[in-house]
Each structure stands twice: as structure tokens, then as C-alpha cells.
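No experiment lies behind these values; they were computed from the predicted model shown. Counting convention: from 1, in listed order, for ligands and their atoms alike.
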Amino acid sequence: MKKLIAGNWKMNGTVQEARDLALGVVDAVDEAGGVLEKCELLLCPPFIHISVVQEIVSPSGNILLGAQDCAKEENGAYTGDVSAEMLKDAGCFYVILGHSERRSYHFETSLLVSEKAKKAHQAGLTTIICVGETEDDRATGIEKEIVLSQLEESLPSSASVENIVIAYEPVWAIGTGKTATPEDVGAMHNFIREKLSGHFDHGEKIRILYGGSMKPDNAGALLAVPHVDGGLIGGASLDVNSFMGIASAA
Ligand code: PGA
């Protein structure tokens, strides 16, 4: 299976910066020739930049577009929300759900994540469902329990081998420069794989991404770990060279 290298731009950038970054990635892919043989690239800009990025990536057709969240409702009087249908219509293929920043700053529960995922699946989007333990969870040795409960509660009955990707992102490694060791990542990805295989026929086909301070200099080691099928990249996705450096390590 090809690795999936996904850039989560979070709440960054002006229209011009989004345009430049997307153009930079498109050009780098053309120049790097061959990088897409090893991996698929996905860009997840803020909602307001989705259309701008879509216009840039769609002519080449080889860079995927996604969003960072969606509403649990289909449409209607939900001020400030964006529906999965709207994302699909705007050219998205993927949506990130349950990112730890949404779980902590917006108090999103796994139940809410599963409701959002259901709507996303109905709209034809693939959901990147994020799970991951805090530093305290790991210190007390309950990281697997936490990840398992997030997995079990965040996946709706509409989840299938075709429409989900799991992103394991230890909360303490996000944006901190601390990265989980390849051994820790391997143990958790193996655990997640076992659970997915127990739950789905062909669960081995579901991609499991690692996220948390992935950079060009640690990407090779992390992406070589069994059951690490790609990366969800925050900070390093805002720089073309770093993002492409990770892609070429895949
Ligand atoms: P980071 O973010 O690469 O900046 O640690 C990863 C993420 O939050 O998806």
C-alpha cells in the first residue's frame, strides 16, 4: 500500500500564503518526478482556503484535498459550521476528524466524532480519525486503553475498510518537537492494526498514519516502522521543502 502523506495546515496562512504553498507543492511534485510512485499527497487547508487550493491542485489531479473538520448535521441553521456535503462539493476527498486540538479546545467527544464521521461517509468522504493518549495517560501506562476506547467510540457503523484512515497522534508529541520513538510507535500501530483486523474483514488494508512532530530528519525512521502507512504532518507541512522532504522519505 502506498503511504499517505497528509498536510494539516491547521489555522495558518493568508489566501496568498495558501496559494503559494499549494503551488509550491504542485511544482515540487513535478520536479521531484517519482515521489508519487511511493506515496499519495493530501493537503488539508483551513476551510476558507479550500477553494483556492482546489483550483491549484485539481488540474494536475495527483494531489488530494481534504478538510480539518465537518459538522455532524447535513445542512440548516448551524451558524459557523461547514457540512460534509459542502466539503465534497468543494472538491474534498478526505476530512480529518477528532484531532486532539478539537477534542481538547472544543470538547469534542468520541461520540461526536462518530456522528460527524457518519455524515462524512454519507457524503462520500474518507475520514481520518485521530486518536492518541496524553502524557499523563502514557505515564500511568493506560495509553492502549485510551486509544482503544477512542477507536471503538469514534468509528460509526458506516465505517468500512474503504472510508477510514486512522491517525495515531500522541498528544504530547503534537507541535512540541517531541516524537514518539519508533519502538513506541510500532507497539501502538501494531495494537491498532490488531484491533482493526479483529473488527473489519481486510482490516490490514486500513491505513494507520503517525502524527506528532514528524520532520524530514525523523520521517524515514518513523515511516519504516511496520504498520505506519503514512504521516499526518502539522508544522512541517507549512514549508514546501519540509513537506516534500517527508514525502521523499516515504
Ligand atoms: P505537528 O502536528 O506535526 O505540528 O506535531 C501534527 C498534527 O497535529 O496533526
Proximity to ligand 1 by part of Cys130, non-hydrogen separation under 4.0 Å: neither
Minimum-distance protein heavy atom relative to atom 3 (O) of ligand 1: Gly234 N, 2.9 Å
Side-chain donor or acceptor of Gln54 paired with backbone N/O of Ala90 under 3.5 Å: no
Glu101 with Lys10: basic N within carboxylate O range, under 4.0 Å: yes
Nitrogen or oxygen of Ala236 less than 3.5 angstrom from that of ligand 1: no
Considering all heavy atoms, the nearest Glu85-Ala123 contact: N-CB, 3.9 Å
Polar proximity ligand 1 side, Lys10 side, N/O cut 3.5 Å exclusive: yes
I'd like a table of donor-acceptor pairs (distance under 3.5 Å, sequence neighbours excluded) in which one partner is a side-chain atom from residues 218-237, with atom names and distances.
unit_1, atom_1, unit_2, atom_2, d
Asn218, OD1, Lys215, N, 2.7
Asn218, ND2, Thr179, OG1, 3.3
Asn218, ND2, Ser213, O, 3.0
His227, ND1, Arg193, NE, 3.0
Asp229, OD2, Arg193, NH2, 2.7
Asp229, OD2, Ile208, N, 2.9
Ser237, OG, Ile233, O, 3.2
Ser237, OG, Gly234, O, 2.7

Within-shell test, Ala173 vs ligand 1, heavy atom, strictly < 4.0 Å: yes
Flag, side chain of His49 to backbone of Gly13, donor-acceptor distance under 3.5 Å: yes
Any N or O of Gly235 closer than 3.5 Å to N or O of ligand 1: yes
Sub-4.0 Å heavy-atom approach of Gly211 to ligand 1: no
Exercise: identify the closest heavy-atom pair between Ala84 and Ala120: CB-CA, 3.6 Å
Aromatic ring pairing Tyr168/His189, orientation class (parallel under 30°, perpendicular over 60°, tilted between): perpendicular
Closest protein heavy atom (residue, atom, distance) for atom 7 (C) of ligand 1: Glu169 OE2, 3.1 Å
Sub-4.0 Å atoms of ligand 1 with respect to non-hydrogen atoms of Gly175: 1 (P), 4 (O), 5 (O)
Test item, Lys215 contacting ligand 1 (heavy atom, 4.0 angstrom): no
Heavy-atom closest contact (Met1 atom, Glu204 atom, distance): CE-O, 3.4 Å
Ile174, any N or O under 3.5 Å of ligand 1 N or O: no
Within reach of ligand 1, part of Asn8 (heavy-atom separation under 4.0 Å): side chain
